[in-house]
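Report on one structure; see the data block that follows.
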Amino acid sequence: MGIWILNGLTVDVNNVQAKKHILVENDKIAKVIDVVEGSAPQTEGHEVIDAAGKLVTPGFIDMHVHLREPGFEHKENIATGTRSAARGGFTTIACMPNTRPVIDTVDTVNYILDKAATEGVVRVLPYGTITKNELGRELTDFAALKEAGVIGYTDDGVGVQSAQMMKDAMALAASIGMPIIAHCEDDTLVVGAPVSEGAFAKKHGLKGIPNESEAIHVGRDVLLAEATGVHYHVCHVSTEQSVRLIRHAKQFGIKVTAEVCPHHLVLSDEDIPGLDANWKMNPPLRTPRDVQAVIEGLEDGTIDIIVTDHAPHTEEEKEKGMMLAPFGILGFETAFSLLYTKFVLTGKWSLGFLVDRMTKKPADVFGLPYGTLEVGSAADITIVDLETEREVLKEEIVSRSKNTPFIGWKLQGWPVVTIASGKVVWS
Ligand SMILES: [Zn+2]
């Protein structure tokens, strides 16, 4: 028995929209046919989902998430994190390796993949670390980690401080055709600040994280990427300077790609209401000028894709206040509706653009066979209600943690059915 998804609206990168009937059989897309008025496909023996008036897209892809397992299961685990992803319409997620232990051995990669297969509801692709224990001192065994199934290397959470270490990592990754994914942060410029330099820091007498702490690593790393030929991917771009450096590097043919998070596209430090740690993340919310720069960077292709940096922390941890609480906010469950409401409904972006940056484009950047509704591809499909406005309610959050600044926001564009590998995993 398969699933017929009838009368849904599909959209491509050029915003060409078409009504389609889609048949899912087993874990693949079996048929995609144009809707012709007055005729309907033979659906007998199949489950039927009526998608009339709704958007039907490839399942969203999130290349930057924290599932917190192993080691921090009080914040999130693979079971809860993948369900939270499913609620947000994501069917493929790439998990960061800053767990405990960190993902720096074949055993830990196997642990993640086994857990994802038995307890997860969406596809989980692990990253391995660049350096052992993310300490920046010794490279991990890239070839062995690749063999085990990692899709790239990153010390996300911290920057690789040594240029030589980063260059060695890039050369090694390039030699086996793998990408380096960089959290860009120069520790000599960071002084334990909870927010960015800017109006909010000034008003509250706080030290701020300067923009240069991110951009200096971007500048250094694009030069190292040029020297080594590696595919270099910049995590969560948040500053005007980083956008400028990536744009310049791309003009020179350097193999650099980049990502941006919804919160950096929608919020600046001037929006932070007070000393509430649900507004604390790394990189921090920057100035309105930076927000404008990352928007323009995404629009002109300097920044390639949208990721959430889903980063759960417990309420207890976040109640420690701006200075002591850990960095990070949830991402999965509000990503699409937030961007749809703020950019598509306001006429700034086409629907096709937003969908592309969350589906096909991330698949292309990382060479993944997902993000498409083509016949024969994985049956990863998200159905979105574009009409209903709903408030973000804390009690509806599926993630084990609740740390988001968007509670109480009224948003439109809610995933209502998520199908991953042919199974309905959210409805
Ligand atoms: Zn990071």
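Remember, it's 1-based here, ligands and their atoms both numbered in the order they're listed.
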Ring centroid separation Tyr153 to Tyr127 under 6.0 Å: no
Evaluation steps, side chain to side chain donor-acceptor pair (under 3.5 Å), between Thr239 and Arg286: CA-CA 7 Å; Thr239 73; Arg286 304 287 190 180; 5.9 Å; no
Quiz item: cation-pi between Arg123 and Tyr370, 6.0 Å / 45°: yes
Reported OG1-to-CZ distance for the pair Thr129 and Phe142, which is rounded to 0.5 angstrom: 8.0 Å
Lys54, NZ atom: more than 12 neighbouring heavy atoms under 6.0 Å: yes
Residue and atom names of protein N/O/S atoms that fall under 2.8 Å from the Zn ion (ligand 1): Asp156 OD1, His183 ND1, His236 NE2
NZ/Lys318: more than 12 non-hydrogen atoms of other groups inside 6.0 Å: yes
